[in-house]
Amino acid sequence: MSELLLSILRAAAVHTGYTLVCVAIGFVMGLLLGVGLSRLPRLSKYLIPLLSILNTVPGIVFIGVLVILIGMTPATVIVALSIYAMFPVLKNTVAGLDGVDVQYKEAARGCGMNHYQRLVRVELPLAMPTIIGGLRLSTVYTVSWAVLAAMIGQGGLGDFVYQGVSSNNNALILQGAIPAAVLALVLGGLVDVLQKRVVPKGLRKGGVEK
């Protein structure tokens, strides 16, 4: 196996590690905050637009600020990417829960379910197609955002991209960009498989099985 291929595989492994860890953290944070905000519609009305504005801050700027606070460490990359990965899940969780038909909530209440039971057994399953859609966006976006890790010397496929850009070497750029694109497709496909596992067949397209 050539040294170049080994270098690409090592960089891809680091890139994948960043992506999986950050998406996992972002999913948990986004789901918990989304559930909380769905219960506080007045706060959600103002906080969601504010978070959307924060989400537009360029990753390179955010990582630069974190470097000042934390330093050039893998933790800097994980904190930054986890926060960015959280946004699609959070917004989709709020949208999914808000979109659950009142009749299902009333039916659950009529069956004697408490608040927690209604959330876990009725609302989250019905909102799951939308939530998983947010997870898919988060996963694909994080693959591209992880390129920024190379900017502070923390490896990943971005090493090839930045070296190629700085030296005007298209071959180097492609050595980083193509594996990153393949990784995004593979991980996106895995999320689709996950959706088929956790979402009932009648709900996968956002509808309710009749």
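Numbers here simply count residues along the sequence, with the first being 1. Just so it is clear, the values below take in all heavy atoms, side chains as well, and ignore hydrogens, waters and symmetry mates. These figures come from a predicted structure and were not determined experimentally.
Cluster annotation: Ile152 and Ile83 are assigned to the same hydrophobic cluster (Ile/Leu/Val/Met/Phe/Trp/Tyr, side-chain heavy-atom contacts under 4.5 Å, transitive). Cluster membership for Leu126 and Val120, using ILVMFWY side-chain heavy atoms within less than 4.5 angstrom, is not shared. Both Leu90 and Leu81 belong to a common hydrophobic cluster when Ile, Leu, Val, Met, Phe, Trp and Tyr are linked at side-chain heavy-atom distances under 4.5 angstrom. Linking Ile, Leu, Val, Met, Phe, Trp and Tyr whenever their side-chain heavy atoms come within less than 4.5 Å leaves Val147 and Leu185 in two separate clusters. When the side chains of ILVMFWY residues are joined at heavy-atom separations under 4.5 Å, either directly or via intervening members, Leu51 and Leu40 end up in a single hydrophobic cluster.
Rounded to the nearest 0.5 angstrom, Leu187 CG and Thr139 OG1 are separated by 6.5 Å. Between Lys105 atom NZ and Leu119 atom CG the span is 10.0 Å, to the nearest 0.5 Å. Separation of atoms CD1 (Ile8) and CD (Glu3) is listed at 11.0 Å; rounding is to 0.5 Å. Distance check, rounded to the nearest 0.5 Å: OG1 of Thr76 to CD1 of Ile68 gives 11.0 Å. Here Glu123 contributes atom CD and Ser38 contributes atom OG; the two are 7.0 Å apart, rounded to the nearest 0.5 Å. Atom CG of Leu135 is separated from atom CG of Asn92 by 9.5 Å, given to the nearest 0.5 angstrom.
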Quiz item: Could you walk me through whether Cys22 and Ile25 pass the side-chain contact (heavy atoms from CB on, under 4.5 Å) check?
Solution: CA-CA 5 Å; Cys22 295; Ile25 296 172; 5.8 Å; no
Practice problem: Using the side-chain contact (heavy atoms from CB on, under 4.5 Å) rule, take Val122 and Gln117 through it: C-alpha gap first, then chi angles, then the decisive distance, then the call. | Solution: CA-CA 8 Å; Val122 177; Gln117 289 172 327; over 6 Å; no
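At least one donor-acceptor pair closer than 3.5 Å links the side chain of Ser82 to the backbone N or O of Ile78. In this structure, the side chain of Ser166 engages the main chain of Gln163 through a donor-acceptor pair within 3.5 Å. Checking side-chain atoms of Ser138 against main-chain N and O of Gly134 turns up no donor-acceptor pair under 3.5 Å. Checking side-chain atoms of Tyr18 against main-chain N and O of Gln154 turns up a donor-acceptor pair under 3.5 Å. Checked by atom type and distance alone, the side chain of Ser44 never pairs as donor or acceptor with a backbone atom of Pro41 at under 3.5 Å. Counting only distance, with no hydrogens or angles, the side chain of His15 and the backbone of Val143 share a donor-acceptor pair below 3.5 Å.
In plain terms, the two heavy atoms of Phe160 and Ala11 that are nearest each other are CE1-CB, 3.7 Å. Scanning both residues, Pro88 and Leu137, for their nearest heavy atoms gives CB-CB, 4.1 Å. The two residues Ala149 and Gly155 have their closest heavy-atom pair at CB-O, 3.6 Å. When all heavy atoms of Thr19 and Ala146 are compared, the closest pair comes out as OG1-CB, 4.2 Å. When all heavy atoms of Val161 and Ala177 are compared, the closest pair comes out as CG2-N, 4.0 Å. Annotation for Ile60 and Met151: closest pair CG1-SD, 2.9 Å, computed over non-hydrogen atoms.
You'll find the side chain of Val57 reaches within 4.5 Å of the side chain of Tyr84, heavy atoms only. In this structure, Tyr162 and Ile173 have side chains that are not in contact, with every pair of non-hydrogen atoms separated by 4.5 Å or more. Between Gln195 and Met128 there is no side-chain heavy-atom pair separated by less than 4.5 Å. Counting heavy atoms from C-beta on, the side chains of Val14 and Asp159 never come closer than 4.5 Å.
With sequence neighbours left out, the side-chain contact (heavy atoms from CB on, under 4.5 Å) criterion links Arg136 to Val140, Val191, Asp192. Partners of Tyr141 by ring pair (Phe, Tyr, Trp, His ring centres under 6.0 Å), not counting sequence neighbours, listed by chain and number: Trp145. Under the side-chain contact (heavy atoms from CB on, under 4.5 Å) criterion, Val65 pairs with Leu69, sequence neighbours left out.
Under a 4.0 Å N-O distance rule, the pair Glu106/Arg118 does not qualify as a salt bridge.
Within a 6.0 Å radius of CG in Asn114, more than 12 heavy atoms belonging to other residues, nucleotides or ligands are found.
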